[in-house]
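See structure below.
Just so it is clear: chains get the letters A, B, ... in the order the sequence lines come, proteins before strands, and each one is counted from 1.
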Amino acid sequence: DTAVSQTPKYLVTQMGNDKSIKCEQNLGHDTMYWYKQDSKKFLKIMFSYNNKELIINETVPNRFSPKSPDKAHLNLHINSLELGDSAVYFCASSLLGLGYTFGSGTRLTVV
Amino acid sequence: EDKVVQSPLSLVVHEGDTVTLNCSYEVTNFRSLLWYKQEKKAPTFLFMLTSSGIEKKSGRLSSILDKKELFSILNITATQTGDSAVYLCAVGSNFGNEKLTFGTGTRLTIIP
């Protein structure tokens, strides 16, 4: 069983489109995160949800909207995609900040 | 703003060599320092360090934290080609609302 699973693994889309990435964890963790990794492999936190409540919201354009229907799921919706949004997006989860586990990533390419 | 700096940015060595990767940090409300190995996909967990001076070891890899000088090192002895990867250092802060601040990583290449 995959602990943190993201879908899709790859996403190629045109500028201006709206897309969503889904994440689910079956570890019983209480906190979920979205990280963005750029072409230089730099990982930066975007959002964090604890028990469905938004805890961390770094400086991210408001075209990005996370949604957590329950503590096992955290989705990321992106409106009006731009070329600069191309990156790998990682979902992660933890329990009280421990046992941090990453999903396998979604490679988003905006053309 | 929290900051994590890794050095060197990249390193190329021959199989069998020993390498030391460095990580220094400036964070408020430090909680833990973590090392990850990233090959093609998700970062995979190596170590979590919370106390100074206590070495953590796993096979040929070991790591230690110095909370006074605000740095950690990751050692890999008798390197193998399978050790080629990007090694990421991250610092956890804000107890209860943990977020990880990552360094830029060290790209390690092992030549056979």
Under 4.5 Å to a heavy atom of chain A? For Leu9(B) that would be neither

task = Given side-chain contact (heavy atoms from CB on, under 4.5 Å), test Arg63(A) with His77(A) step by step and report yes or no.
result = CA-CA 8 Å; Arg63(A) 297 182 295 104; His77(A) 188 77; over 6 Å; no

Check: Ser94(A)/His29(A) side-chain N/O donor and acceptor closer than 3.5 Å: no

Check: Using 4.0 Å as the upper bound for N to carboxylate O, is an ion pair formed by Asp83(B) and Arg60(B)?
Finding: yes

Honestly, the part of Gln6(A) sitting under 4.5 Å from a heavy atom of chain B is neither

The interface call for Lys41(A) against chain B, heavy-atom contacts under 4.5 Å, is both

Only one of Tyr35(A), Tyr100(A), Tyr33(A), Phe90(A) passes ring pair (Phe, Tyr, Trp, His ring centres under 6.0 Å) with Phe102(B), and that residue is Tyr35(A)

